[in-house]
Amino acid sequence: VNKFLNTGWLRAGASAIACVALFSAASVQAAKLVLVNGDAPNVGFNDPTPAAPVGGNPGTTLGQQRQIAFNYVLGIWGKTLSNTNITIEVLSGFIPRACNATNGVLASAGPNTIYFGTDGTKFADTWYPGALAKKLAGRDLDNELLGENFAEIVAVANRNIGAANCIAGSGWYYGVDEKAPEDGFDYIKTMLHEVGHGLGFLSLVDESTGEYFEGLPSVWEHFLKDNTSGKTWVQMTDAERQASAINNENLVWTGFQSFVGAQRTLDVKPQLDLFITGATQLNGFVYSAVPGFGLAEGRRRGSGLLAFLSDGTVADDGCNPYTAAQASTVRGKIAVVARGSCVFTQKAENAQNAGASGVIITNNNPEFYRFDFGSPDERNIRIPVALISQQDGTKLRASAGRFATASFIDQPRRAGTDLFGRPLMFAPTKVRPGSSVSHWNVSASPNLVMEPFANGDESNSLKPNKDLTYSLMQDIGW
Amino acid sequence: MKNAMKKERATQRTSLAKHAIAWSMMGLSAAALASPDMKPRAMTEAERTEILNEAVQASSARTATAEERSMLQLSREEARALLAKEKPTNKALGTSTSVRSVRTATSGAMVVGNALLSNSSVVLTADGKHLHNCSSHEHAHDAATQAKIEATARAVAAAKGGVRE
C-alpha cells in the first residue's frame with residue numbers, strides 16, 4: 001500500500017512540477033503578429049503628413065500613427081493568443097473603398113490562406129484559417145504545401161474616410177485611449193474586430209444558400225447549433241443551414257470555453273420566455289425578447305389559451321379600446337395582436353382593460369425585434385407582455401381556432417445566451433451576407449468586440465470578464 | 001433588501017444548477033472546468049502600456065511585394081471572380097498569388113486573397129450617429145438598399161439604446 005501511495009505522491013509531485021513548468025512556459029508565450037506593409041510610398045502607413053500625437057499615440061506623422069495603432073492592435077492580439085509562439089503575418093494597408101456621404105466600407109479583413117487535413121486539426125475535411133492551421137501544426141505550412149510564404153491575414157482600412165465624398169467631417173481616430181470623438185471612427189476597435197475575423201472568427205458558409213465554401217465546412221460550422229432542429233451545422237443540408245442562418249434567437253455557439261466565458265462576462269438580465277402548446281406550427285420554447293417590460297413582480301408569469309384579436313394584417317392591432325365582441329374573445333385569455341400604430345404599453349393597457357391575462361405582440365418587420373418596451377408603471381400594466389418575431393407570429397396565427405396555449409416563463413439569464421447559457425449568434429430573420437452567423441448576437445451585454453455593430457463601448461480586452469472573443473478562439477483551437 | 005439578495009442568490013444557484021446539468025449532459029468533466037485556461041482575464045493597464053511601447057518600437061516585418069499590393073486592392077467580389085476563373089482542381093493551378101491552391105482527397109491549401117473578406121460598413125443614422133457592421137457589400141448601395149440599411153441601423157440602435165414604439 002505504501003508503495004502505491006508513495007508512487008502516487010511521487011507522480012503527483014512530478015505532475016505538479018510539470019504543471020508549474022507548463023504554466024511558466026505558457027506565461028511567457030505569445031503569438032507574434034507582424035504587419036506586412038502593403039501601402040505605396042507616401043500613402044497610408046507611409047503617409048508623411050505631420051500629425052500631433054493623439055490619445056497616447058506618440059506618432060508625429062499620419063503614417064507613424066497608423067503603424068503604431070495597427071501594431072498596438074496586433075500586440076493586443078499577440079498577448080491574447082498566449083499559448084503559441086508562432087509568427088502571423090498580416091498584410092495590411094489603407095486602400096480606397098466604396099463610400100459616399102452617408103455610408104461606406106470602413107475596413108475589411110479575412111484569412112488570406114485556408115487549409116484542411118493538416119497536422120493538429122481536430123476535424124477532418126474541414127477548412128481552417130491559415131493562421132490557426134499554422135498554430136495547430138506548429139510549423140509554417142505555406143512553404144511546405146504552397147511552395148512559398150504567404151501572409152496569413154489580409155486587413156485593409158478605407159483610406160478615404162473623412163474625405164469630401166466619404167462621410168465628410170468624420171475620420172479615423174488613432175488614439176489608444178478608447179476616447180474617439182463622436183465624429184471619429186476608433187481605428188483600434190475597428191481593426192481589433194477585423195483581425196479577429198482574419199484569425200478565424202467567421203463562417204465560410206454562404207449564408208444565403210447554406211453552401212459550404214469549396215465543398216467543405218470550416219471549423220466554425222462544427223460549433224454552430226440550431227436550437228429548433230437540435231442539429232449542428234455540419235449535420236445539416238444546405239437548405240437546413242440556409243434556414244438556420246435566419247433562425248433568430250435560436251442559433252447558438254456550443255463551444256465550452258465560450259460557455260464558461262459567457263458566465264464570467266455577460267450580465268444577468270430578466271428575460272421572459274414563451275412556451276407554446278397546441279399550435280399547428282409553433283410549439284415549445286419561443287425565445288421572446290422583452291427586456292424590462294411586464295417583468296416586475298407579479299406581472300411576469302401566467303398561462304392561458306390564445307385568442308387572436310387580428311390576423312396580423314388588418315388595422316386593428318390592439319391600439320383602440322376593445323369592442324364588446326373583442327373583449328369577449330380575449331377575456332381570461334392571452335391576446336395575440338400585431339405590432340404597429342401605437343406604443344406597446346397602450347396595446348397592453350387595452351388588452352388588460354378587456355380582461356386579457358397576457359399579450360403576445362407579433363412583429364410587423366422581418367428584421368430585428370428587440371426593443372425597450374418602456375415602463376409598465378406608466379399605465380399600471382399588471383399582465384405579462386411579449387413580442388415575438390414576424391416569422392413566429394405567422395406560425396402562431398396558423399393556430400387560430402385551435403386549443404393553443406402559451407405560458408410566460410420568468411427566466412433570468414445572461415444577456416445574449418440561450419436557456420442553457422450558451423452564447424447566441426447573430427442570425428437576423430433577413431440574412432445579412434458577411435454579417436449573419438459570424439458574430440455574436442446583438443442582445444449580448446456588455447457589448448462585445450465581435451458583435452456585428454460597433455457600439456463604441458466595447459472593451460479593448462478580448463478576454464473574460466470583459467469580452468468573449470478569446471473564449472471562442474479557444475474553442476476553435478487557439 | 002435582504003430578500004432581494006436572497007432571491008438573487010437563489011436565482012444564481014438555479015441558473016448554475018441548470019447549467020451544470022446541461023453541461024454534464026454534454027459529457028464535460030470537472031477536470032475541464034479546472035483547467036487554467038478556463039480563467040483567462042482581461043488585460044491590465046501594465047500590459048496595455050507594454051503593448052503600446054512595443055507598438056512604438058515595432059517596424060514592419062517586411063514590405064509587401066508588388067503582387068501582394070496588387071491583391072490588396074481587390075474587392076471581395078473581384079477576388080472571388082478571380083478564384084472562380086482559375087478554379088483549382090487537384091493540383092497547383094493558380095497562375096497568380098491570389099488563387100494558388102493545392103488539393104488532394106485528404107488535404108488542401110488555398111490562397112484565397114480577399115475572397116473571404118468581412119467588411120465593417122458604416123451607416124449614418126438619421127441623427128448623424130454612426131454604426132458599423134460587417135457586411136460583404138463592397139459597392140455603393142442603391143436607394144432601396146440604403147433605406148433598408150438605415151432601417152436596420154435604426155432597429156439596432158433601438159435594440160441597444162432603447163426606443164419606444
Side-chain angles (χ1 to χ4, degrees), chain A residues 34-38 58 68 71-72 75-76 79 89 91 93 95 98 100 102-108 110-111 113-118 145-146 150 154 156 176 190 194 197 202 256 260 343 367-368 370-372 374 412 420-421 432-435 442 452-455 461 463-466 470, chain B residues 11 15 19 22 28 32 36-38 40-43 47 51-52 54-56 58 60-64 68-69 72-73 100 102 106-114 116-124 131-136 138-141 146 149 152 155-156 158-160 162 164-165:
Chain A
V34 293
L35 164 65
V36 177
N37 185 342
I68 288 169
N71 281 323
Y72 185 74
I76 291 174
K79 286 279 193 293
E89 288 190 340
L91 174 61
I95 310 293
N100 61 35
T102 57
N103 74 90
V105 174
L106 274 182
S108 315
T113 55
I114 55 174
Y115 292 87
F116 77 92
T118 51
L145 296 175
L146 295 166
F150 293 94
V154 286
V156 298
V176 299
T190 303
E194 293 300 331
H197 285 310
L202 82 169
F256 184 58
V260 174
V343 294
E367 294 214 61
F368 305 92
R370 284 183 176 270
F371 298 93
D372 183 342
F420 295 117
R432 298 182 61 80
S435 190
V442 295
F453 292 86
N455 297 284
S461 284
K463 292 183 175 181
N465 55 359
K466 298 288 186 188
Y470 178 59
Chain B
T11 301
S15 182
H19 294 146
L28 293 160
D37 262 1
M38 292 294 110
R41 56 164 182 78
M43 276 192 307
E47 285 169 328
I51 291 168
L52 177 59
E54 288 174 2
V56 172
S60 313
R62 63 182 172 86
T63 301
E68 284 175 324
R69 279 208 303 274
L72 211 50
Q73 306 292 327
R100 187 164 305 186
V102 184
T106 55
S107 67
M110 284 182 79
V111 181
V112 292
N114 287 4
L116 296 176
L117 284 185
S118 185
N119 294 345
S120 281
S121 303
V122 63
V123 178
L124 290 187
L131 291 163
H132 77 72
N133 76 317
C134 290
S135 155
S136 62
E138 287 236 32
H139 302 298
H141 302 295
Q146 171 65 14
I149 288 173
T152 302
V156 172
K160 287 295 186 186
R164 299 183 191 187
E165 180 166 335

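Because only heavy atoms are used, hydrogens play no part in the values below, and waters and symmetry mates are left out as well, while side chains stay in. Letters A, B, ... are given to chains in the order of the sequence lines, protein chains preceding strands, and every chain is numbered from 1.
- Rounding to the nearest 0.5 Å gives a distance of 12.0 Å between CE of B/Met110 and CZ of A/Phe150.
- Listed here is the closest heavy atom pair of B/Val112 and A/Thr113: CG2-N, 4.3 Å.
- Here the closest non-hydrogen pair linking A/Tyr72 and B/Ala55 is N-CB, 3.5 Å.
- In this structure, chain B has a heavy atom under 4.5 Å from the side chain of A/Pro58, while its backbone stays farther away.
- Atom NE2 of A/His197 and atom CG of B/Leu116 lie 12.0 Å apart (nearest 0.5 Å).
- When all heavy atoms of B/Asn114 and A/Val154 are compared, the closest pair comes out as OD1-CG2, 3.6 Å.
- Looking at B/Glu54, only its side chain comes within 4.5 Å of chain A, counting heavy atoms on both sides.
- Interface residue A/Ile95: only side-chain heavy atoms are found under 4.5 Å from chain B.
- Annotation for B/Ser107 and A/Gly117: closest pair CB-O, 3.8 Å, computed over non-hydrogen atoms.
- For the pair B/Leu52 and A/Ile68, the tightest heavy-atom approach, listed with the atom from each and the gap, is CD1-CG2, 4.2 Å.
- Here the CZ-CD distance, from B/Arg62 to A/Glu89, works out to 4.0 Å after rounding to the nearest 0.5 Å.
- Within a 6.0 Å sphere centred on NZ of A/Lys79, other residues, nucleotides and ligands contribute more than 12 heavy atoms.
- Looking at every heavy atom in both residues, A/Leu91 comes nearest to B/Leu72 through CG-CD1, 3.8 Å.
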